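As structure tokens, the structure follows; a few thoughts come after it.
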Amino acid sequence: MRLASNYSPFAAMAVLLTLTSSAFSAETQPAKSPIGKVTPDFTLADFRGKEQSLSEIGKDKLVVVAFLGTECPLAKLYAPRLVALNKKFAEQGVAFIAVNANSQDSITEMAAYARLHKIDFPMLKDAGNKVADQMSAVRTPEVFVLDKDRTVRYWGRVDDQYGVGYQRDKPERNDLELALQELLSGKPVSTPVTAAVGCHIGRVKQPNENSKVTYSNQIARILQNRCVECHREGDIAPFALTDYDEVVGWSEMIAEVVDEQRMPPWHANPKHGEFKNDRALTQEEKEQIFAWVKNGAPEGDKTQLPPPREFVSGWELPREPDLVVNMREEPYRVPATGTVEYKYFTVDPGFEEDKWVTAFQAAPGNRAVVHHILIMTREPGQRRVGMGGGALGFLAAYVPGLRAEPFPEGMAKKIPAGSEIVFQMHYTPIGTEQFDMSSLGMIFADPDSVTHEVRTHSAVTNEFLIPPGASNHQVEADTSKSSFASQLLNMMPHMHLRGKSFRYEVRYPDGKTETLLDVPHYDFNWQTSYRLVNHKELPAGTTIHCVGAFDNSKQNLNNPDPTQSVAWGDQTWDEMFIGYFDVAFPVKAGKEMPFPPPKRNRGPTPESIMAKLDANQDEKIEVGEVPLLLRIRFNKIDTDGDKMITIEELRKAFKRGRRDKDDE
């Protein structure tokens with residue numbers, strides 16, 4: 001279904017969305033700059049075995065030397081960009097050379113990489129890292145621009161679109177292209193050094209055979225326990241960590257992301273809650289990784305290797321699903337550009353009796369364009385899709401970072417007989433036409449074995465407006481009081497690119513409060529479901545309270561536009577504030593909803609109206625900013641008669657409207 005080592009550039013984009021903060025480096029460079037230094041001639045073989053030299057390839061031309069790797073997500077994303085730049089400057093006296101210095105990249109993988117990305121300039125293998133060492137290259141991708149005398153004039157990144165934990169819609173500065181234009185015009189490079197952001201070059205190691213820590217006796221076990229769930233063939237990670245020859249090439253990268261606490265991805269404050277899917281490394285595990293890398297990443301005695309973990313091919317489920325439901329008969333065409341509104345696909349699975357499902361997996365068919373999937377039901381007689389369009393709960397979901405896991409023994413979700421399955425699909429175009437066929441895998445439970453029904457609920461609000469530039473805008477949401485007792489199983493915060501922090505609290509009927517989960521640094525790329533080791537008993541009358549913060553400032557590099565007010569909306573550049581959680585309750589209770597849904601529907605809010613109509617972003621709505629059809633109501637809302645509508649006047653108008661509706 002998915003290959004960790006596949007070479008699709010669109011898969012690389014999907015990997016970027018979920019792994020930016022793991023596979024990419026901090027912006028570090030060697031202590032000494034190569035700017036102004038002459039690069040000695042070198043000769044390397046390409047992936048076809050033909051030897052080629054720097055002096056012949058770039059004779060009498062500017063030369064771009066780009067260090068690339070076959071599995072680094074950034075190297076995948078930037079390959080097409082380098083191809084385009086080569087085409088643009090080929091007739092202007094510029095030659096391009098790709099150099100692969102990774103010990104873990106084979107000639108066959110290089111050939112596949114070049115073929116997929118249509119690289120039409122030489123791609124050379126730097127066995128033993130001799131050229132990388134000579135040029136002080138550190139990352140992939142990392143580029144050097146040499147003048148006709150082979151003097152380094154530019155060194156660093158291709159552009160600034162991607163970084164650690166963020167990606168922009170487009171580059172703000174095309175560094176490599178600008179450097180070439182300046183040099184071709186006879187000008188010095190205005191910014192000769194930029195920070196290359198990417199994966200460490202996998203250099204050949206000199207293992208210390210006396211090291212007490214080896215891959216076979218400790219590191220393989222750490223990786224199995226913390227990493228290979230994603231870093232294996234058939235899953236989302238961009239490379240596998242199940243084989244020494246592959247792992248050793250990533251050893252420096254592993255040490256870096258562990259040291260900077262970017263990997264494994266875990267964002268819960270350890271002071272609150274104990275979670276069975278906690279991926280955080282212990283201090284001992286960290287020290288073992290650092291010692292192993294410092295000692296040259298020795299393999300050790302292979303007889304000490306742990307047995308490999310077994311996984312179901314193509315699925316995260318404990319076994320092959322009992323039923324797979326595709327979202328439609330034919331794949332859906334995702335356009336190359338533009339905004340794609342949420343798509344809803346309804347499927348009748350033909351359930352003639354109630355089904356109890358103990359494990360779900362919503363599986364994207366094309367990760368490059370599938371932003372998220374929410375699976376809901378439409379029960380017989382229902383006009384609307386259940387669970388408030390997904391904001392109030394769902395049957396199953398796919399979002400970056402969410403792993404499928406079966407419910408505890410004796411627990412399952414119920415799909416009533418005659419129900420339809422509804423796929424809510426959020427697509428993000430990537431510049432080329434794509435096709436998707438997503439699906440839902442289910443493992444059924446024997447109804448007689450189910451003691452507890454599981455429901456997904458949420459604390460949610462759409463009544464917020466985040467001002468431009470606000471770096472810590474607070475938002476809160478509450479559930480209704482629970483109608484009867486239940487057990488809390490897990491929590492899953494949901495925000496978008498401006499999400500900064502998220503905290504769950506429980507308020508008991510006796511007035512006591514307790515923090516259940518604290519996520520001080522929310523990461524949109526990793527929307528984890530935090531699964532409790534010990535289920536929390538929630539008595540009748542309990543309320544779940546969520547509080548969070550948004551960063552709409554320019555310091556948030558993920559921020560699409562810090563100059564705009566932001567309200568609730570479906571698209572990634574809008575925002576949401578949803579505190580999802582699963583609860584379980586006895587089947588014999590015969591109850592439907594432990595936490596009843598809000599009485600009000602979640603239509604437009606004062607905040608969303610302000611964000612939509614306030615064109616000049618001055619936090620006031622002028623007459624000229626209001627559509628003609630709505631101007632008749634302007635004076636009724638503008639209670640102080642200053643020809644401006646403020647957010648407070650909108651809120652008061654909403655309250656008046658609600659009272660009038662209640663009196664009907």
Side-chain angles (χ1 to χ4, degrees), residues 7-10 12-13 39 41-48 50-70 72-102 105 109-126 131-132 135 137 139-162 170-171 173-185 187 189 191-192 194 196-198 201 431-432:
Y7 297 95
S8 166
F10 311 121
M13 177 68 79
T39 301
D41 191 23
F42 58 78
T43 299
L44 299 172
D46 63 19
F47 58 84
R48 298 182 180 89
K50 179 182 178 181
E51 289 192 343
Q52 304 197 48
S53 64
L54 172 63
S55 57
E56 290 302 318
I57 295 172
K59 191 174 184 179
D60 299 325
K61 294 182 178 181
L62 297 178
V63 178
V64 176
V65 179
F67 285 85
L68 300 176
T70 65
C72 180
L74 267 182
K76 293 180 179 182
L77 289 171
Y78 276 114
R81 204 158 296 180
L82 290 169
V83 170
L85 288 172
N86 176 56
K87 183 178 181 180
K88 180 174 183 177
F89 288 100
E91 301 301 322
Q92 301 180 50
V94 180
F96 279 66
I97 301 173
V99 177
N100 185 309
N102 281 342
D105 288 348
E109 290 171 325
M110 284 177 57
Y113 176 90
R115 184 168 56 253
L116 176 70
H117 297 297
K118 301 179 181 179
I119 295 176
D120 52 2
F121 47 86
M123 187 168 183
L124 313 178
K125 182 62 177 178
D126 180 20
V131 175
M135 298 186 70
R139 309 281 180 182
T140 64
E142 183 175 334
V143 297
F144 297 76
V145 178
L146 316 180
D147 64 16
K148 295 179 181 179
D149 298 322
R150 300 299 170 259
T151 301
V152 179
R153 296 302 181 192
Y154 173 76
W155 167 52
R157 66 195 179 197
V158 177
D159 58 45
D160 65 354
Q161 185 171 1
Y162 305 106
K170 58 184 179 180
R173 194 175 195 279
N174 295 291
D175 303 278
L176 175 58
E177 183 174 0
L178 289 171
L180 292 173
Q181 290 172 344
E182 289 168 341
L183 289 170
L184 290 170
S185 300
K187 301 176 182 178
V189 178
T191 306
T194 59
V197 185
I201 290 173
T432 59

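Source: prediction; values computed, not measured.
No side-chain donor-acceptor contact under 3.5 Å links Q92 to the backbone of F89. Remark: side-chain polar atoms of Y113 are paired, donor with acceptor, to backbone N or O of A75 under 3.5 angstrom. Side chain of D147 to backbone of D149: a donor-acceptor contact under 3.5 angstrom is found. Formation of a donor-acceptor pair under 3.5 Å by the K125 side chain with backbone atoms of N102 is found in this model.
Looking only at side-chain heavy atoms (C-beta outward), Y162 and L77 come within less than 4.5 Å of each other. For the pair V99/V65, a side-chain contact is recorded, criterion being any heavy-atom separation below 4.5 Å from C-beta on. Counting heavy atoms from C-beta on, the side chains of L44 and E51 never come closer than 4.5 Å.
In this structure, V145 and L183 approach most closely via the heavy-atom pair CG1-CD1, 3.6 Å. The two atoms that bring R81 and D159 nearest to each other are NH1-OD2, 2.6 Å, heavy atoms only. Between Q52 and P122, the shortest heavy-atom contact is OE1-CG, 3.7 Å. Smallest separation of non-hydrogen atoms from G93 and K61: O-CB, 3.4 Å. When all heavy atoms of D160 and D175 are compared, the pair lying nearest together is N-OD2, 3.8 Å. For E142 against W155, the heavy-atom pair with the smallest separation is OE2-NE1, 2.8 Å.
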Discussion item. Could you walk me through whether I201 and F67 satisfy the side chain to side chain contact (heavy atoms under 4.5 Å, CB included) test, starting with their C-alpha distance in whole Å, then the side-chain angles of each, then the deciding distance to 0.1 Å, before giving a yes or no?
Written reply: CA-CA 8 Å; I201 290 173; F67 285 85; 4.2 Å; yes

Discussion item. Using side chain to side chain contact (heavy atoms under 4.5 Å, CB included), reason through Q161 and Y78 one step at a time and then give a plain yes or no.
Written reply: CA-CA 10 Å; Q161 185 171 1; Y78 276 114; 4.1 Å; yes

Discussion item. Between L178 and R173, does the side chain to side chain contact (heavy atoms under 4.5 Å, CB included) criterion hold? Intermediate values first, please.
Written reply: CA-CA 8 Å; L178 289 171; R173 194 175 195 279; 3.8 Å; yes

Worksheet item: T151 and L146: side chain to side chain contact (heavy atoms under 4.5 Å, CB included), yes or no, with the steps?
Response: CA-CA 5 Å; T151 301; L146 316 180; over 6 Å; no

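A donor and an acceptor atom, one from each side chain of T191 and Y154, are nowhere located under 3.5 Å apart. Between D126 and N100, the side chains place no donor N or O within less than 3.5 Å of an acceptor N or O (distance only, hydrogens not considered). Between the side chains of D105 and T70, at least one donor N or O lies within less than 3.5 Å of an accepting N or O.
Here L74 contributes atom CG and R157 contributes atom CZ; the two are 12.0 Å apart, rounded to the nearest 0.5 Å. The CG atom of D41 sits 8.0 Å away from atom CD of E56, with the distance rounded to the nearest 0.5 Å. Interatomic distance, I97 CD1 to M123 CE, rounded to the nearest 0.5 Å: 13.0 Å. One finds the CG atom of L82 at 7.5 Å from the CD1 atom of I119 (value rounded to the nearest 0.5 Å). The CZ atom of R139 sits 9.5 Å away from the SG atom of C72 when rounded to the nearest 0.5 Å.
A search for side-chain contact (heavy atoms from CB on, under 4.5 Å) contacts involving E91 returns nothing, not counting sequence neighbours. Looking at residues two or more places apart in sequence or on another chain, you find a side-chain contact (heavy atoms from CB on, under 4.5 Å) between A111 and F47, R115.
F121 and F96 have tilted rings, their planes meeting at an angle from 30° to 60° on a 0 to 90° scale.
No more than 12 heavy atoms of other residues, nucleotides or ligands shown are found within 6.0 angstrom of CZ on R48.
With respect to E177 and K88, a salt bridge is recorded, a charged nitrogen being found less than 4.0 Å from a carboxylate O.
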